[in-house]
A.B. asks: 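Mind looking over this structure? Questions follow.
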There are 2 protein chains.
Amino acid sequence: MSFDARIRAAIEGDIRSGALRPGDKLPSEHELAAQHGCARATVSKAMAALHHAGLIERRRKAGSFVADQHVHSAVLEVPDLAQLIEARGHVYRWQRLSREQDGAELHVTGLHYEGDTALALESRTIAVATVPDAMDESFDAIAPGTWLLAHIPWTSARHRIRAVGASAEEAQALGIVENTACLILERSTWRADAPVTTVRQVFRGDLFDMVAHFEPSPR
Amino acid sequence: MSFDARIRAAIEGDIRSGALRPGDKLPSEHELAAQHGCARATVSKAMAALHHAGLIERRRKAGSFVADQHVHSAVLEVPDLAQLIEARGHVYRWQRLSREQDGAELHVTGLHYEGDTALALESRTIAVATVPDAMDESFDAIAPGTWLLAHIPWTSARHRIRAVGASAEEAQALGIVENTACLILERSTWRADAPVTTVRQVFRGDLFDMVAHFEPSPR
DNA sequence: CGTGACATTATGTCTAGACATAATAATCGA
DNA sequence: TCGATTATTATGTCTAGACATAATGTCACG
């Protein structure tokens, strides 16, 4: 274990055990460096990591303080459906239902199958201006999400998760009773401020859930 | 903008624009330092940040490479309900329904009101061994989540999000029709491996959703 | 032809010191 | 006493160099 990681672990332990409480002042970097017998840059690295993890607040001149319990945030796993389904031991299959071009937008709908049951109904809009290659793709055999993942560099994304009862059409496509509770995942992605795609996935509530983890000290 | 942030932004821009594609090799730290006219430690700091953000992979001797498009993950906001409701311009109120002690576990149920409508039904279990102070608290006026936030140091947490139709009891408590789609948030928290609390919140699907963001370069 | 020893290389970590910056504390003048 | 200026202090960033570490490529030897 590296030196800075050890310093970091020591302080983190004090915080998580309650020995240091929110608002408490930590020793200055100089003092910590002297205590641990290392250079200030090493302490600084450890403190920067703690700050990044949200465990401490830092104010020039004032010093470093244990942060208040913050708004809960967690890392949400948004799995690739094909991976998820195969991890569950089933066969994944994509079935395209429709593909329409409407000016600068390409609309694709389809079903994600887990074995023989339809798990999710997807309706997607792709911005042709940002992804011109999509015009040449039928999305007949490959799901647009998978295709886009391989064709478009990094994006930022906004997700919205809701619960709604299935509409008549959705229920029919998924083979469930109308108004059954479904988990809706809506995702919009951008590539450097240019819109890439917007997708709405309707999941059968009885077959799917999402998981999120919160760790103050990831990695 | 600091030097290392500028170097980082330059490389990140190349990646996001597609000039550098997944798998491409980046110049070595020495080369980048020479190019930018700075010390290697500064480049190293920028590269460490890019690595932390998941944009690049680093291998000793081999070099640094643009990372493959990874599994989607996003930062999920798990809001404090009181804050959320007040931000929406309504009055928040907690109404405790029950409180029972069962050996080492304390069970509390109650309703989170947004104005006059019940937004969520909460059933919570608190581990008395980890949080002995909870025994002296009635949770009559203060929601257990709020109380715990103020009394327990950092925790790790696991969240599960599902959609289910409301049961008869849930529907009655929330004042909705049975089987209406609801968003279920289940959260378990630990304090250094000791269980703290497990909570199940049933939200009216028509009044609540969750939001998650994904940014390759947070902060 | 395969294998183990060795040199090479790029990252990982660290040092001792420097200057910049922001915020607080102290001081001085009106 | 109030307010503006100045000094102090802790963090923020950076440098130039050092050694550690891990992985790769090379090369001689069997």
Side-chain angles (χ1 to χ4, degrees), chain A residues 1-15 19-68 70 216-219, chain B residues 1-15 19-68 70 216-219:
Chain A
M1 201 187 211
S2 58
F3 221 121
D4 68 285
R6 207 150 49 216
I7 296 172
R8 186 190 158 169
I11 296 174
E12 190 178 325
D14 285 348
I15 293 176
L20 285 170
R21 303 188 63 82
D24 284 0
K25 188 176 184 306
L26 298 175
S28 75
E29 293 189 351
H30 266 114
E31 287 175 84
L32 286 169
Q35 282 175 28
H36 289 90
C38 67
R40 187 173 76 91
T42 305
V43 174
S44 191
K45 195 177 165 190
M47 302 289 270
L50 288 167
H51 174 67
H52 192 77
L55 281 168
I56 64 172
E57 307 248 331
R58 317 193 73 189
R59 293 206 307 277
R60 279 181 159 124
K61 156 77 185 175
S64 298
F65 303 83
V66 179
D68 283 339
H70 35 216
S217 60
R219 280 157 210 266
Chain B
M1 203 187 212
S2 59
F3 220 120
D4 68 284
R6 206 150 48 215
I7 295 172
R8 187 189 158 170
I11 295 173
E12 190 179 325
D14 284 348
I15 293 175
L20 285 171
R21 303 187 63 82
D24 284 1
K25 188 176 184 306
L26 298 174
S28 75
E29 293 190 351
H30 266 115
E31 286 174 85
L32 285 169
Q35 282 175 28
H36 289 89
C38 66
R40 187 173 77 93
T42 305
V43 173
S44 191
K45 194 177 166 191
M47 302 289 268
L50 288 167
H51 174 67
H52 192 80
L55 280 169
I56 63 171
E57 307 248 330
R58 317 193 72 189
R59 294 207 306 276
R60 280 180 158 124
K61 157 75 185 176
S64 299
F65 303 83
V66 179
D68 283 340
H70 35 217
S217 60
R219 284 160 206 262

A.B. asks: Taking the side chain as C-beta and beyond, is there a heavy-atom pair between B:K45 and B:F3 under 4.5 Å?
C.D. replies: no
A.B. asks: For B:A62, what residues pass the side-chain contact (heavy atoms from CB on, under 4.5 Å) criterion, not counting sequence neighbours?
C.D. replies: B:R59, B:F65
A.B. asks: Taking only residues two or more places apart in sequence, or in another chain, which ones meet B:R40 in a side chain to side chain donor-acceptor pair (under 3.5 Å)?
C.D. replies: B:E29
A.B. asks: Under the side-chain contact (heavy atoms from CB on, under 4.5 Å) test, which residues partner A:R60, sequence neighbours left out?
C.D. replies: none
A.B. asks: Chain B on DNA chain D: first and last contacting nucleotide, 5' to 3', under 4.0 Å to a heavy atom?
C.D. replies: D:dT13 to D:dT24
A.B. asks: Who are the side chain to side chain donor-acceptor pair (under 3.5 Å) partners of B:E31, not counting sequence neighbours?
C.D. replies: B:S28
A.B. asks: Which is more 5' along DNA chain D, the nucleotide nearest A:K61 or the one nearest A:A41? Just name the residue.
C.D. replies: A:K61
A.B. asks: Could you list by number each residue of residues 23-33 of chain A showing a heavy-atom separation from DNA chain D of less than 4.0 Å, or answer none if no residue does?
C.D. replies: A:S28, A:E29
A.B. asks: Is the closest side-chain heavy-atom distance between A:I15 and A:I56 below 4.5 Å?
C.D. replies: yes
A.B. asks: Compare all side-chain heavy atoms of B:L32 with those of B:I11 and state whether any distance is below 4.5 angstrom.
C.D. replies: yes
A.B. asks: Could you check whether any side-chain heavy atom of B:C38 comes within less than 4.5 Å of a side-chain heavy atom of B:I7, counting everything from C-beta outward?
C.D. replies: yes
